[in-house]
Amino acid sequence: MASSPAAPTAVEHDPAARRFLVRLEGHEAELTYHLAGDSALVIDHTGVPAEIGGRGVAAQLVRAAFELARARGWKVVPACSYAAVWAGRHPEFADLVAG
């Protein structure tokens, strides 16, 4: 049976650690980032354990990062391959992609 996308899951932001995370079924998925200057959020890595994969968790993490960037007036550098693919599939965020 194919996995269906997850219902929206609470995405936590830990600005001190520069990461977003989702806790689901005893597992933790994360997106890590760093800031480039005062105007760009660089997404370094998106990781989802296999046990909770295939449910749209990575997409929720990337969306949260893009929404933070929009709220702060930053551009986004999707250095992580997943984030780059996600950005290409979501034209509503194209104005935020740097370069």
Side-chain angles (χ1 to χ4, degrees):
M1 177 154 76
S3 295
S4 60
T9 304
V11 177
E12 300 174 40
H13 181 217
D14 181 352
R18 295 196 172 142
R19 72 182 193 140
F20 289 88
L21 63 125
V22 167
R23 292 184 178 102
L24 185 62
E25 298 175 7
H27 301 282
E28 189 173 277
E30 74 172 355
L31 176 149
T32 60
Y33 68 90
H34 70 272
L35 300 176
D38 59 0
S39 62
L41 183 148
V42 181
I43 299 174
D44 299 310
H45 170 74
T46 304
V48 178
E51 294 85 355
I52 58 171
R55 302 185 204 181
V57 174
Q60 292 171 347
L61 290 164
V62 174
R63 180 177 294 276
F66 269 80
E67 289 174 350
L68 174 69
R70 186 177 303 284
R72 302 273 171 90
W74 298 336
K75 291 292 187 180
V76 177
V77 178
C80 157
S81 60
Y82 178 84
V85 169
W86 184 93
R89 292 180 179 163
H90 291 85
E92 68 272 26
F93 291 100
D95 61 309
L96 298 180
V97 178

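Just the heavy atoms: all of them, side chains too, but no hydrogens, waters or symmetry mates, feed the values below.
- The distance from atom CG of Leu31 to atom OG1 of Thr46, rounded to the nearest 0.5 Å, is 4.0 Å.
- In the hydrophobic clustering of ILVMFWY residues, with side-chain heavy atoms under 4.5 Å counting as a link, Val11 and Phe66 come out together.
- By the side-chain contact (heavy atoms from CB on, under 4.5 Å) test, His13 pairs with Pro15, Phe20, Tyr33, Leu68, sequence neighbours left out.
- Looking at residues two or more places apart in sequence or on another chain, you find a side-chain contact (heavy atoms from CB on, under 4.5 Å) between Ala79 and Val42.
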Which atom pairs, donor and acceptor, lie under 3.5 Å between side-chain atoms of residues 84-99 and protein residues at least two apart or in another chain?
unit_1: His90; atom_1: ND1; unit_2: Trp86; atom_2: O; d: 2.8
unit_1: Asp95; atom_1: OD1; unit_2: Arg70; atom_2: NH2; d: 3.3
unit_1: Asp95; atom_1: OD2; unit_2: Arg70; atom_2: NH1; d: 3.0

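- For the salt bridge (charged side-chain N to carboxylate O under 4.0 Å, His left out) test, no residue two or more places apart in sequence or in another chain qualifies with Glu51.
- Evaluation of the side-chain contact (heavy atoms from CB on, under 4.5 Å) rule for Ala83 yields Ile43, Val62, Pro78, Cys80 as partners, not counting sequence neighbours.
- Atom-to-atom distance recorded for Thr32:OG1 and Leu61:CG is 10.5 Å, nearest 0.5 angstrom.
- Minimum interatomic distance between His27 and Pro49 (heavy atoms only, all atoms of both residues): CB-CG, 4.1 Å.
- The ring pair (Phe, Tyr, Trp, His ring centres under 6.0 Å) contacts involving residues 42-61 comprise nothing, where partners must be two or more places apart or lie in separate chains.
- Listed for the Tyr82 side chain is a donor-acceptor partner under 3.5 Å among the backbone atoms of Ala59.
- Partners of Glu67 under the salt bridge (charged side-chain N to carboxylate O under 4.0 Å, His left out) rule, at least two apart in sequence or in another chain, do not exist in this structure.
- Considering every non-hydrogen atom in both Val76 and Ala69, the closest pair reads CG2-CB, 3.4 Å.
- Val77 is not connected to Leu35 by any chain of hydrophobic side-chain contacts under 4.5 Å among Ile, Leu, Val, Met, Phe, Trp and Tyr, and they are in different clusters.
- Every pair passing salt bridge (Lys or Arg N to Asp or Glu O under 4.0 Å) that includes a residue from residues 25-47 is listed here, sequence neighbours excluded: Arg19-Glu28, Arg19-Glu30, Arg23-Glu28, Glu25-Arg55.
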